[in-house]
Amino acid sequence: PGVSRALAPSAVRSFRAMAQARPGVYFCRQASRCIAPLSADEDGRHRFMVATCAVQQRNELHVVEFSEDTSEIVCRQVTPHPEEVWLLSVSPTDTSQVLTYSAGHTPPALNLYRLPEAGEGSQPLQRLAGIAGNEAQLTAVKSAVWDTLREGNLVVADTEALHVFDYAAGAGTFTETATIQV
């Protein structure tokens, strides 16, 4: 008894299309450590940001687009980043705002940047705010999550605590509002 007789012809075509799927591959110039999804745009394309993490080399943020139909990955934008990126988090309400955590040959720091428009060539990132390791007791940041219910709130997890920060766009600063030791 054949399985295809039990399935509708459209289901068989869908199954064959799934079986022929090809993997999409994208190569950065340097090693990359982080990837973050970007909010879907109006035509439903899958977009991601990839960050490189190369010591003493030029690091970059890449905005890439994935086509589910063809498994093609296209780079839409490459922007230089001043340090290696160990953590990457994109604002869910404004995809031009990206938070990075850098630690390496410089003191550890969380920085919020604004990406330049895609058509502006290789313009530098605009630093909006930052938290240096000496301003808040951050030790080896592991995760950063944007609060989707309160714009500007950010929850940061490090090896010792959860920190809640409030970003004041007008002042360009982060204010720590709570810390929970773990």
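For reference, positions follow the sequence shown, starting with 1. What you see below is based on every heavy atom in this structure, not just the backbone, and it leaves out hydrogens, waters and symmetry mates.
- Residues passing the side chain to side chain contact (heavy atoms under 4.5 Å, CB included) test with P92 are W146, T148, sequence neighbours excluded.
- Side chain of Q30 to main chain of R58: a donor-acceptor pair is present (N/O by atom type, distance under 3.5 Å, no hydrogens or angles).
- E176 and H163 share a side-chain donor-acceptor pair at under 3.5 Å.
- L88 and L125 fall within a single hydrophobic cluster, where Ile, Leu, Val, Met, Phe, Trp and Tyr are joined by side-chain heavy atoms under 4.5 Å apart, directly or via other members.
- Atom-to-atom distance recorded for L38:CG and M49:CE is 5.0 Å, nearest 0.5 angstrom.
- Taking CH2 from W86 and CZ from R33, the interatomic distance works out to 5.0 Å, rounded to the nearest 0.5 Å.
- For the atom pair L110 CG and D158 CG, the distance stands at 9.5 Å (nearest 0.5 Å).
- With hydrogens and angles disregarded, a donor-acceptor distance shorter than 3.5 Å links the side chain of T177 to the backbone of V164.
- Taking hydrophobic clusters as Ile, Leu, Val, Met, Phe, Trp and Tyr residues chained together by side-chain heavy-atom distances below 4.5 Å, I73 shares a cluster with I35.
- When every heavy atom of P37 is checked against every heavy atom of V90, the shortest pair comes out as O-CB, 4.1 Å.
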Step by step, work out the side chain to side chain contact (heavy atoms under 4.5 Å, CB included) result for L61 and L115. CA-CA 9 Å; L61 300 177; L115 286 173; 4.1 Å; yes
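- With hydrogens and angles left out, the side-chain atoms of T52 and N59 include a donor and acceptor closer than 3.5 Å.
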As a quick check of understanding, evaluate salt bridge (Lys or Arg N to Asp or Glu O under 4.0 Å) for E65 and R76, giving each step before the final call. CA-CA 7 Å; E65 192 172 277; R76 295 293 179 204; 3.0 Å; yes
Before you tell me yes or no, could you show the steps for F165 and T175 under side chain to side chain contact (heavy atoms under 4.5 Å, CB included), namely the whole-Å CA-CA distance, both residues' side-chain angles and the distance that decides it to 0.1 Å? CA-CA 5 Å; F165 293 97; T175 305; over 6 Å; no
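- A heavy-atom distance below 4.5 Å is not found between the side chains of P124 and Y113.
- Note: S67 OG to E72 CD = 6.5 Å, rounded to the nearest 0.5 Å.
- Under a 3.5 Å cut-off, the side chain of S102 and the backbone N or O of E83 do not form any donor-acceptor pair.
- Side chain of Q97 to backbone of L128: no donor-acceptor contact under 3.5 angstrom is found.
- Residues V141 and V155 fall into different hydrophobic clusters, defined by Ile, Leu, Val, Met, Phe, Trp and Tyr side chains chained together at heavy-atom separations under 4.5 Å.
- Side-chain N or O atoms of S32 include none that pairs as donor or acceptor with a backbone N or O of C34 at under 3.5 Å.
- Expressed to the nearest 0.5 Å, how far CD of E84 lies from OG1 of T100 amounts to 10.5 Å.
- Remark: side-chain polar atoms of S89 are paired, donor with acceptor, to backbone N or O of A144 under 3.5 angstrom.
- In this structure Y167 satisfies the ring-ring contact (aromatic ring centres under 6.0 Å, His included) test together with F174, sequence neighbours excluded.
- The OG1 atom of T79 sits 13.0 Å away from atom CZ of R114, with the distance rounded to the nearest 0.5 Å.
- Judged purely by atom type and a 3.5 angstrom limit, H62 has no side-chain atom pairing as donor or acceptor with the backbone of V64.
- Residues P108 and Y101 come closest through the heavy atom pair CB-OH, 3.3 Å.
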